[in-house]
Amino acid sequence: MSETTSNGIPAQEQQPPGLTSKMSPRPDHGEQSWVGRNRLPGMKALITGGDSGIGRAVAIAFAREGCDVALSYLPEEQSDAEDTQNWIEKSGARCFLLPGDITDEATARGVVDTAADLLGGLDVLVNNAGFQWARREHGIADVTTDQMDRIFKTNLYAMFWMTQQALTHMGEHASIINLSSIQAYDPSTPLIDYAATKAAINNFTVNLAAEVGPRGIRVNAVAPGPIWTPLQPATKSGDSMPKFGLNTPLGRPGQPAELAGAFVFLASPHEASYVSGTVVGVTGGRPVF
Ligand code: NAD
Ligand code: MG
């Protein structure tokens, strides 16, 4: 830890996947601010990476809107998952915890089937789990096969497997929401492999929307800008944290809570009934076109 700068974030570093309890300052997931208005009554959602960061904010908002949730995450994130579960249960919704490494195909498919079993159906899949690696000095020369395997399997293979499996449980009015990124539009050189997955996720989103639209299923994506989550100190250099998010028109990083509104809107079969195949940017003003 060192001095605080204008984004309020001191230098800090963790090993992946990173834990919320080790972050300074703690992110805002809407624990004190999200007011439910019964916008997702009786719905059932699986959120991958729902233990922390954007996934936790989405889980809390969904729960307060009347939606039961299942959370997928890595076993070493159990403490984060239990914190999220506590917030969800306080809002009266059910929350099922499904630890497992979804870069393994059987695990990924099993998580979806178990979630649908426990929830009693599946209305929304949020493909939010993601991985990146930015501690690189020489650009593409530093990209290893192990890193590519972890990044492509987490961000793309798991999304394909879980989507295929979810579609066996989904009916009319269901929807899928994928996590894109500002990196799909304005890639950073140290994130060359990660950025490529996010561009692929945009392409996948519009293509799948065309395929499943006739079944009444919508597919969309959210493209965040720089958001203060465990992924950042766990995958970037600690010294870069005091500058994180200053490269936006709003001049600061976003909080996970600031993403939740986009997800609640896209998940709602009423509010977003004619919204499919699109990407909603939540970037602090950086362009997503
Ligand atoms: P986060 O670390 O809180 O969430 C990522 C989650 O992915 C982890 O909590 C973990 O549970 C899950 N995950 C990773 N590998 C997994 C595996 N093998 N098996 C099971 N789960 C696994 O960070 P976040 O920033 O909230 O990330 C959520 C999504 O948002 C990611 O897809 C990320 O690429 C995207 N995103 C984040 C930012 C940002 O600035 N934070 C910007 C653009 C996009
Ligand atoms: Mg986590």
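Counting convention: from 1, in listed order, for ligands and their atoms alike.
Not a single heavy atom of W228 sits under 4.0 Å from any atom of ligand 1. Within the 4.0 Å heavy-atom cutoff, P226 counts among the residues contacting ligand 1.
The proximity of Q132 to ligand 1, defined as any non-hydrogen pair under 4.0 Å, does not occur for either the backbone or the side chain. Only the side chain of Q232 comes within 4.0 Å of ligand 1, judged by heavy-atom distances. Using a 4.0 Å cut-off between heavy atoms, S180 contacts ligand 1 through its backbone alone, with no side-chain atom that close. When non-hydrogen atoms are compared, ligand 1 lies under 4.0 Å from neither the backbone nor the side chain of F131. When heavy-atom distances to ligand 1 are checked against a 4.0 Å cut-off, E77 comes that close only through its side chain, counted from C-beta outward. In L231, the parts holding a heavy atom less than 4.0 Å from any atom of ligand 1 are both the side chain and the backbone. Residue T154 touches ligand 1 through its side chain alone, judged by heavy-atom distances below 4.0 Å.
When A184, S52, A234, P253 are checked for heavy-atom proximity to atom 1 (P) of ligand 1, S52 turns out nearest. Here the shortest heavy-atom distance to atom 18 (N) of ligand 1, taken over T20, D101, D80, belongs to D101. Taking all heavy atoms of G18, P27, A129 into account, the minimum distance to atom 12 (C) of ligand 1 is reached by A129.
Side-chain contact annotation: Q12 with S24, donor-acceptor N/O pair under 3.5 Å absent. A side-chain N or O of D113 and one of Q165 form a donor-acceptor pair less than 3.5 Å apart.
Within D51, the N, O or S atom lying nearest to the Mg ion (ligand 2) carries the name OD2.
Geometrically, ligand 1 and F244 share no nitrogen or oxygen pair separated by less than 3.5 Å. Distances between N or O atoms of Y73 and those of ligand 1 include no value under 3.5 Å. For ligand 1, none of its N or O atoms has an N or O atom of S181 under 3.5 Å away. At least one N or O atom of G225, backbone or side chain, sits closer than 3.5 Å to an N or O atom of ligand 1. Between T229 and ligand 1, a contact under 3.5 Å exists for at least one N or O pair. Considering backbone and side-chain atoms together, I227 places an N or O closer than 3.5 Å to an N or O of ligand 1. Residue contacts with ligand 1: L179 is placed with no nitrogen or oxygen under 3.5 Å of a nitrogen or oxygen of the ligand (distance criterion only).
Between M170 and the options I176, D123, V212, a side chain to side chain contact (heavy atoms under 4.5 Å, CB included) holds for only I176.
Aromatic pair F131/Y194: ring centres not closer than 6.0 Å.
Near D51, with a cut-off below 4.0 Å to any heavy atom, the atoms of ligand 1 are 8 (C), 9 (O), 10 (C), 11 (O).
Residue contacts to the Mg ion (ligand 2): E77 brings an N, O or S atom closer than 2.8 Å. Among the backbone and side-chain atoms of T20, none of the N, O or S atoms lies under 2.8 Å from the Mg ion (ligand 2).
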